[in-house]
Amino acid sequence: MNQLMKGFLAASVIALGLTGPLTVARTASAQSAAYEAVDKPTDEQLQRYAVAVRKVSAVAAEYQPKLESAQDEPAKQAVRVEADQKMVDQVEAGGMSVAEYNGISRAVRESPELRQKVERMVGQ
């Protein structure tokens, strides 16, 4: 599965209430630094993350029908690329790097307490 598909699927997973990594194929060095270790995110980081999750979820919801209606694999790939870039732009516009977003996603997946806290923030 290519990096762009992983990013789109991850955003779709987030839209369903789960957290996952967001990826984009920019450069080899960017791919190797896809995660930034964030073991204990601050409240400020969690708040930015919650805002980013809402925005990424909205993009995933916007692009899901486009993906489903795409006629062939090249058309689907074009939708995935566009959606992935838009998700990355939303994360970065909120003052967060994709690596930080992915690192917090990992921390949230591993900690039920963090997950509950983020779910409350996302619901606000």
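In this structure, Glu62 CD and Lys86 NZ are separated by 3.5 Å, a value rounded to the nearest 0.5 Å. In this structure, the separation between CG on Leu114 and CZ on Arg106 is 14.0 Å, given to the nearest 0.5 Å. Remark: Met96 CE to Asn102 CG distance equals 10.0 Å, nearest 0.5 Å.
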Worked verdict on Asp89 versus Gln85 for side-chain contact (heavy atoms from CB on, under 4.5 Å)
CA-CA 6 Å; Asp89 291 345; Gln85 187 57 56; 2.8 Å; yes
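For the residue pair Gln64/Glu68, the side-chain donor-acceptor check at 3.5 Å is satisfied.
Every residue two or more places apart in sequence or in another chain that forms a side chain to side chain donor-acceptor pair (under 3.5 Å) with Lys117 is listed here: Asp43. Qualifying side chain to side chain contact (heavy atoms under 4.5 Å, CB included) partners for Ala75, counting only residues two or more places apart in sequence or in other chains: Ala70, Asp72. Residues passing the side chain to side chain contact (heavy atoms under 4.5 Å, CB included) test with Gln45 are Val38, Pro41, Thr42, Arg48, Glu100, Ile104, sequence neighbours excluded. Residues passing the side chain to side chain donor-acceptor pair (under 3.5 Å) test with Lys76: none are found, sequence neighbours excluded. Partners of Gln116 according to the side chain to side chain contact (heavy atoms under 4.5 Å, CB included) rule, which considers only residues two or more places apart in sequence or in another chain, are Arg120. Residues satisfying the side chain to side chain contact (heavy atoms under 4.5 Å, CB included) criterion with Val51, sequence neighbours excluded, are Gln47, Arg54, Lys55.
Side-chain contact between Tyr63 and Met87: absent, with no pair of heavy atoms (C-beta onward) separated by less than 4.5 Å.
Contact between Tyr49 and Tyr101 at its shortest, heavy atoms only, is CE1-O, 3.5 Å. The shortest heavy-atom contact between Leu46 and Val118 is CD2-CG2, 3.7 Å. Looking at every heavy atom in both residues, Ala83 comes nearest to Val59 through O-CG1, 3.8 Å.
A donor-acceptor contact shorter than 3.5 Å links the side chain of Ser69 to the backbone of Pro65.
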